[in-house]
Amino acid sequence: MKPFDYYRAADLTEAATTHQPGSVFIAGGTNLVDLMKLQVMTPDRVIDIARLGLDRIEDDGDGLRIGALVSNSDLAGDPRVRKRWPVLSRALLAGASGQLRNKATTGGNLLQRTRCPYFQDLATPCNKRTPGSGCAAMGGELRNHAVLGTSAHCLALNPGDMAVALRALDAAVEFRDAQGIAQAHPIAGFHLPPGTTPDVETVLPPGALITSVALPAPQGDRQIYRKVRDRASYAFALVSVAAVLRLERGRIVHAALAFGGLGTVPWRDPAVDALLTGEAPSMALFDKAADLLLHPAQPREGTAFKLPLTRRLLRAVLEEATQ
């Protein structure tokens with residue numbers, strides 16, 4: 001591991017003023033430390049923010065404000081979340097081992113890096129790791145890679161579970177920029193597709209620090225998170241679906257579907273939600289939703305299996321949610 005300076009920030013102001021080019025924030029460190037060991041990330045300065053008091057879950061009108069340092073375990077187990085936002089609790093519990101959930105934080109989870117093996121291998125080119133070097137995944141072995149939102153510069157998959165549920169729940173990410181100014185951004189658009197700059201992964205400006213996630217009142221009482229993976233635990237999604245629906249008089253009056261394992265960002269297609277809204281549930285409708293979702297997909301050898309898998313999973317989730 002490359003030598004680095006370590007600072008423990010006493011408050012948000014000190015965290016902001018201590019940050020400089022080459023610095024990173026650390027809380028749980030469940031992703032950052034691994035990448036530092038691999039020398040994929042080699043910061044000159046590590047700023048510990050674990051004691052900034054951002055570890056509370058507070059009522060916010062009909063919603064919740066979730067501190068950036070709330071652990072995944074505490075968030076998944078919170079009675080309010082389990083009762084009113086169960087899709088979020090289920091996504092978190094599907095995300096990792098219990099030991100990791102005890103350390104991983106809300107803010108850190110949103111910023112976790114891809115698990116593309118070429119990104120983690122310094123011997124191979126990667127535009128996300130070294131801009132302009134190329135993408136070894138092009139023509140390489142593919143399985144845990146994206147089929148939606150890719151570009152000629154990157155096929156890396158967003159690995160999140162929590163972010164997928166937050167996407168279906170229309171959450172917002174709150175942060176302070178390097179000047180200490182509080183800002184917020186909808187989870188929609190918070191993660192950026194690779195385009196020509198795969199190394200720029202979120203809208204956060206340099207030196208910005210996530211402080212909380214604002215969770216609005218749930219718009220649907222039928223909430224499901226289902227994840228297909230290679231083994232029963234501690235594995236990233238091949239495909240996952242977060243569904244938030246509400247039915248009235250036999251018709252879907254609210255639909256919010258988000259997907260993991262498919263996109264370079266936590267994926268949600270407003271056209272799919274619009275297609276379902278106002279309609280009576282049926283297998284034909286669910287198949288149309290899958291057609292619309294997967295129409296822009298660009299599978300390659302090694303990821304083509306995700307298309308029929310997504311169709312089956314989406315149909316099963318919608319069937320369960322509308323029973």
Side-chain angles (χ1 to χ4, degrees), residues 1-9 15-16 18-50 68-69 72 95-97 99-146 150-163 178 191-210 234-237 264-265 302:
M1 188 180 288
K2 177 185 173 183
F4 57 89
D5 294 328
Y6 171 83
Y7 288 83
R8 180 179 292 175
T18 305
H19 195 281
Q20 61 187 26
S23 301
V24 295
F25 296 119
I26 188 170
T30 56
N31 186 204
L32 175 61
V33 172
D34 285 344
L35 294 176
M36 290 174 67
K37 289 178 180 178
L38 293 171
Q39 296 194 17
V40 172
M41 295 183 69
T42 55
D44 299 316
R45 175 177 294 187
V46 173
I47 304 169
D48 189 341
I49 58 169
L69 299 180
N72 287 180
S97 67
Q99 295 94 329
L100 286 175
R101 291 196 298 269
N102 289 340
K103 291 294 292 182
T105 63
T106 299
N109 196 298
L110 286 171
L111 299 177
Q112 64 178 306
R113 311 293 301 276
T114 182
R115 268 53 175 199
C116 173
Y118 301 106
F119 170 71
Q120 296 182 341
D121 184 357
L122 298 183
T124 62
C126 173
N127 289 319
K128 188 177 286 291
R129 188 183 66 244
T130 307
S133 63
C135 176
M138 301 286 183
E141 285 193 31
L142 302 177
R143 180 169 171 79
N144 289 318
H145 289 78
T150 60
S151 75
H153 302 273
C154 185
L155 306 176
L157 181 72
N158 182 285
D161 287 286
M162 183 190 77
H191 297 91
L192 299 175
T196 59
T197 55
D199 55 307
V200 182
E201 298 178 351
T202 72
V203 298
L204 288 178
L209 175 64
I210 295 176
Y234 195 37
F236 296 99
T264 54
V265 300

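Values below: every heavy atom of this structure, side chains too, minus hydrogens, waters and symmetry copies.
- Counting only distance, with no hydrogens or angles, the side chain of H191 and the backbone of L110 share a donor-acceptor pair below 3.5 Å.
- S151 contributes a side-chain N or O that, together with a main-chain N or O of G195, makes up a donor-acceptor pair within less than 3.5 Å.
- Listed by chain and number, the residues in a side chain to side chain contact (heavy atoms under 4.5 Å, CB included) with A156 are T114, C116, K128, C154 (sequence neighbours excluded).
- Considering only residues two or more places apart in sequence or on other chains, R143 meets the salt bridge (charged side-chain N to carboxylate O under 4.0 Å, His left out) condition with D230.
- Partners of Q20 according to the side chain to side chain contact (heavy atoms under 4.5 Å, CB included) rule, which considers only residues two or more places apart in sequence or in another chain, are S23, R45.
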Throw together a table of side-chain donor-acceptor distances under 3.5 angstrom for residues 132-139, partners on residues two or more places apart or in other chains.
from, atom 1, to, atom 2, distance (Å)
S133, OG, C126, N, 3.0
S133, OG, C126, O, 3.0
S133, OG, T130, O, 2.8

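- Here the shortest heavy-atom pairing between R115 and F236 reads NE-CZ, 3.3 Å.
- Between N158 and E201 the shortest side-chain heavy-atom distance does not fall below 4.5 Å.
- Listed by chain and number, the residues in a side chain to side chain contact (heavy atoms under 4.5 Å, CB included) with P117 are H145 (sequence neighbours excluded).
- Scored by the side chain to side chain donor-acceptor pair (under 3.5 Å) test, D161 finds Y225, K227 as partners (sequence neighbours excluded).
- Atom CD1 of I210 is separated from atom CG of L69 by 10.5 Å, given to the nearest 0.5 angstrom.
- A heavy-atom distance below 4.5 Å is not found between the side chains of Y7 and H19.
- Partners of D48 under the salt bridge (charged side-chain N to carboxylate O under 4.0 Å, His left out) rule, at least two apart in sequence or in another chain, are R51.
- For D121, the side chain to side chain contact (heavy atoms under 4.5 Å, CB included) partners at least two apart in sequence or on another chain are A123, T124.
- Sorted by first and then second residue, the pairs that involve residues 100-110 and meet side chain to side chain donor-acceptor pair (under 3.5 Å), not counting sequence neighbours, are N72-N109, S73-N102, N109-Q112.
- Annotation for L157 and A237: closest pair CD2-O, 4.3 Å, computed over non-hydrogen atoms.
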Side-chain atoms of residues 25-44: list all donor-acceptor pairs with protein atoms under 3.5 Å, sequence neighbours left out, distances to 0.1 Å.
from, atom 1, to, atom 2, distance (Å)
N31, OD1, R113, N, 2.8
D44, OD1, K2, NZ, 3.3

